[in-house]
Amino acid sequence: MRNDRCNRREFLSHSGAGIAGLVSGQWLGGATTAHAQDADVTPRDPDLVVFNAKVYTVDSRVPKAEAFAVKGGRFVAVGRSDEIKGLVGKKTQTYDARQMMIVPGFIDTHNHGRGEVLLYNVLVGNPFDVEFVTIQSIIDKLRARAATTPPGTWVEGYFFDDTKLKDNRPLNAQDLDKVSTEHPVFVHHRGGHTGFYNSVAFQRAAITKDTPNPFGGTYDKDEKGELNGRVTDRAMATLSKAGTLESFSPAEKEKRVSNGVAFISKKFVQYGLTTVHHNEPGVLAAMQEQRVSAGLLHRVSYEPTGDLLEAMIQNGIESGFGDEWIRLGATYEHTVDGSFSERTMAISRPYIGISPPYQGNLTESQEDLNAWAERVHRAGIRLNCHANGDVAIDRVLTAYERALKLYPRGDVRPKITHCSLINDDLVRRMKALNVVPSEFSTYAYYNSDKFHFYGEEMMSHMTAFRTLIDAGIVPSAGSDFSPGPFSPLMAIQGMVTRTGWNGETWGANQRISLEEALRVNTINGAYNSCEEAIKGSITSGKLADFVVLADDLHTVDKKKIKDVQVVRTVVGGSTVYQA
Ligand SMILES: [Zn+2]
């Protein structure tokens, strides 16, 4: 079935062991699970039995259960406590869940990882939750770093969020001049599409207030027409020559990357994530190393770019290559416009309260985009573009429509990362191609302080889970970490309430039910990478990835879902996190 990328696996029926009431699931065979067919699939003498739980399976055939059994890293039976306990053998571990809620492991379909940054760089904001900081605290942290940094080398701060400042004014170049007059200083907005620089950086890059904006970016000015320090999208690249980067020996670099992978993996499972789609070049080797040394605790869909993508194209390696732990996914997000949180996305109407009138940055021409999509799709690699604004999504769909028409390949599920501002026409075109959108997951809660730049009318079409689901499209949850925190429970809270940390509700028409939000964060994530046959629900035959939650999300106050404790995270039947 060469022409159907996502459905070329074959299924074998597996009928349990004849115990009435067991969910007889499907056992996956075929290329993706080389070991599955050899495995002992009888549910007797399982490795683990979990009972006395409120199991929300996210399997529509049997949505609720009390217990399940795990063997060889997979669910082998799901049903009532008395039935499943009957399977317990001599070597079976048992776990009394004491009526806690159990759901499939959460899946984040867009994440930049950045464990190395978290471990070794200056963090000027809180990566994981809403927290306000002062400009002075940023200056102090960067000054301390500058004191140990050779002049001429960049001093950088990460996880800055311009709307989480106690000062009630923007960070500017003069603030960063207080850090150093010998070092170029660069504060990265956590959104990744804007940076804040000191005067040394501009001088060394020979950029003045008179330098014209380059294609796809801006040097922002204050009321007097002076550079204010903020630089957007493609203009940031023009400042890179202003300083040298901290350098490391190959061995040191390898160690940092590897430590970073282990660090972020621990963090992911702490929040209940069991699969993450990584947009993080250069860490594949470290992931494999950590996997061998048991430091990789979550499953990876690795989204290639640069040399790796090129090597795949040149050597006939398609999306789906790999195994149940590390698999090559769609491409890295191919960027077509700016950012939602930093208000640089390409939209068809001007932003509110920004003058002169501004409609965001498009960062790629239609011709270049068409050529890229054609080449990648032709190589059997799943397309994935970053497009936030309606103008950018239109361009991406134009390129996808063209590529899929030139080389029809059945159900390839081209991906759009963010896919934030939609309209009826875009939805119709997405449905026609079976586009899988990876929508911002935690923004409704975390970034509600930024939605006034768009206004209620636009927000009613933004991160539009309700519209997408009603149209029969399968949206998944993409935190985009570092831009958004990656907590799936924060994401679910935002999806069901559309209310932010500050109490503001935007686009309430896009609310979805808790059941739908659970699907978005589990099975829809599996569908996004064409892996719904092996993960995303608690179903016999699927990988035993699940999360134990202290409280039932159905009964807690909707505005406190994000605070529910993750008690235990299990991947492939092994506990990888315990509170
Ligand atoms: Zn991203």
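Basis for what follows: all heavy atoms, side chains included, without hydrogens, waters or symmetry-related copies. Whatever order the structure lists ligands and atoms in, that order sets their numbers, starting from 1. Keep in mind that this is a model prediction, so the values were computed, not measured.
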Exercise for the section: Cation-pi check, Arg190 to Phe159: give yes when NZ or CZ is under 6.0 Å from the six-membered ring centre and within 45° of the ring axis, no otherwise. Expected result: no
Handout entry: Glu333: its N/O/S atom lying closest to the Zn ion (ligand 1) (atom name)
Key = OE2
Practice task
Using distance alone, with no hydrogens and no angle criterion, decide if Tyr446 and Asp161 have a side-chain donor and acceptor under 3.5 Å apart.
Solution key: yes
Problem - His418 near the Zn ion (ligand 1): N/O/S under 2.8 Å - result: no
Exercise for the section: Mind running salt bridge (Lys or Arg N to Asp or Glu O under 4.0 Å) on Arg299 and Glu531 for me, showing each step along the way? Expected result: CA-CA 12 Å; Arg299 302 182 197 275; Glu531 291 178 292; over 6 Å; no
Handout entry: For the Zn ion (ligand 1): the N/O/S atom of Asp480 at shortest distance
Key = OD1
Problem - N, O or S of His386 under 2.8 Å from the Zn ion (ligand 1) - result: no
Practice task
Report the residue from His377, Glu374, Gln366 that forms a side-chain hydrogen bond (donor to acceptor under 3.5 Å, both in side chains) with Arg402.
Solution key: Glu374
